[in-house]
Amino acid sequence: MSRHVAIVTDSTAYLPARTMERHGITAVPLTVVLGDRALEEGTEISTRSLAQALQKRRPVTTSRPSPALFAETYRRIAESGADGIVSLHLSAELSGTHDAAVVAARDAAVPVRVVDTGMIAMALGFCALAAAETAEAGGTVDEAVTAAEKRAAGTSAYFYVDTLDYLRRGGRIGAAQALFGSALAVKPLLQLEGGRIEPLEKVRTASRAIARLEEIAADRAGSAPVDVAVHHLAAPDRALALADRLRERVPGLADLHVSEVGAVIGAHTGPGLLGVVVSSR
């Protein structure tokens, strides 16, 4: 049997199901706790249900996968014939998912390299794709990890949110707390920096903030080959319009993905989120 390196990520990568199937990528789900119900992201709670719960101000929290769930995933993959596993996850600054994977990896039947990508959403998804493509070409575990880390180093993520209230309540805004006092007067733009969600700019209106988000993403893309993802929560028209404009403004655009984020990110950002991920090839 030829060597086979398997790629694992988590549900916050928001890769299309067909893409994951085509590349053999496995996603371990995080959990959304809605009231007294713990629901797996991607299978047991829809973004529509989440948005409705947030709008009604129902308590919503999130939790990492258990080490036992990772251990079962690694066992199943090893039994399928994998010689090694690369496990790529959202920023350890934002979740304990990476730590749970590390615990499970210690007793896995095959070597497992767990990587804190420092990314989230399709910023993480692009890293998983880079690792999967390397593995498909016969690459080793180390080569797949290197490909993912190189992709992460060339990836930027920017976000517009209608309010910082959800991020504040979830404890996910870090230095962005400095913006919260004036959040009612401005529309905040945020960025992923050092694995944390940090303030980028303050803009007075939603329309100006979205225009600025477009400008920042286009400037970051430049003319070199890039992949772009546009994310949203309960704002499909805004996302499609933004994607259309970026398609015209980014000359080196290779792949363009438009998707709604899942319940885990949505729980911390709230409805109205727009995000743009720019990833150098």
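Note that the coordinates shown come from a computational prediction; the quantities given were computed from them, not determined experimentally.
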### Message
Please determine whether salt bridge (Lys or Arg N to Asp or Glu O under 4.0 Å) holds for the pair Arg76 and Glu79, giving the CA-CA distance in whole Å, both sets of side-chain angles, and the decisive distance to 0.1 Å.
### Response
CA-CA 5 Å; Arg76 188 174 66 251; Glu79 289 180 353; over 6 Å; no
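In the hydrophobic clustering (ILVMFWY side chains linked at under 4.5 Å, chained through shared members), Val33 stands by itself.
Residues Val86 and Ala144 approach most closely at CG2-CB, 3.9 Å, considering heavy atoms. Nearest heavy atoms, Ser66 versus Ala100: C-CB, 4.3 Å. Taking every heavy atom of both residues into account, Ala218 and Leu246 meet most closely at N-CD2, 4.3 Å.
Pairs of residues two or more places apart, or lying in two chains, never qualify as salt bridge (Lys or Arg N to Asp or Glu O under 4.0 Å) while including a residue from residues 268-279. Judged as a side-chain hydrogen bond (donor to acceptor under 3.5 Å, both in side chains), the pairs with a partner in residues 235-247 (not counting sequence neighbours) are, in order, Glu214-Arg245, Asp244-Arg247. Contacts classified as salt bridge (Lys or Arg N to Asp or Glu O under 4.0 Å) and involving residues 99-108 (residues at least two apart or in different chains) are not found. Contacts classified as ring-ring contact (aromatic ring centres under 6.0 Å, His included) and involving residues 188-244 (residues at least two apart or in different chains) are not found. Listed by first then second residue, pairs satisfying ring-ring contact (aromatic ring centres under 6.0 Å, His included) with a partner in residues 91-111 number zero, not counting sequence neighbours.
For the salt bridge (charged side-chain N to carboxylate O under 4.0 Å, His left out) test, no residue two or more places apart in sequence or in another chain qualifies with Glu149. In this structure Asp227 satisfies the salt bridge (charged side-chain N to carboxylate O under 4.0 Å, His left out) test together with Arg151, Arg281, sequence neighbours excluded. By the salt bridge (charged side-chain N to carboxylate O under 4.0 Å, His left out) test, Arg212 pairs with Glu201, Glu215, sequence neighbours left out. In this structure Arg220 satisfies the salt bridge (charged side-chain N to carboxylate O under 4.0 Å, His left out) test with no other residue, sequence neighbours excluded.
Side chains of Thr269 and Tyr160 form no contact here, defined as non-hydrogen atoms less than 4.5 Å apart. Between Phe159 and Leu213, every side-chain heavy-atom pair lies at or beyond the 4.5 Å cut-off. Annotation: side chain of His268 is in contact with side chain of Thr62 (closest heavy-atom distance under 4.5 Å).
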Please tabulate, for side-chain N and O atoms in residues 110-131, each donor-acceptor pair with protein atoms closer than 3.5 Å (sequence neighbours left out).
from: Arg113; atom 1: NH1; to: Asp142; atom 2: OD1; distance (Å): 2.6
from: Asp116; atom 1: OD1; to: Ala92; atom 2: N; distance (Å): 3.1
from: Asp116; atom 1: OD1; to: Gly118; atom 2: N; distance (Å): 3.0
from: Thr117; atom 1: OG1; to: His89; atom 2: O; distance (Å): 2.8
from: Thr117; atom 1: OG1; to: Met119; atom 2: N; distance (Å): 3.1

Which pairs of donor and acceptor atoms, one on a side chain in residues 17-29, lie under 3.5 Å apart (sequence neighbours left out)?
from: His23; atom 1: ND1; to: Glu136; atom 2: OE1; distance (Å): 3.4
from: His23; atom 1: ND1; to: Glu136; atom 2: OE2; distance (Å): 2.7

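With respect to Val161, the side chain to side chain contact (heavy atoms under 4.5 Å, CB included) criterion is satisfied by exactly one of Leu190, Leu189, Leu233: Leu190.
Environment of CZ in Arg249: crowded, with over 12 heavy atoms of neighbouring residues, nucleotides or ligands closer than 6.0 Å.
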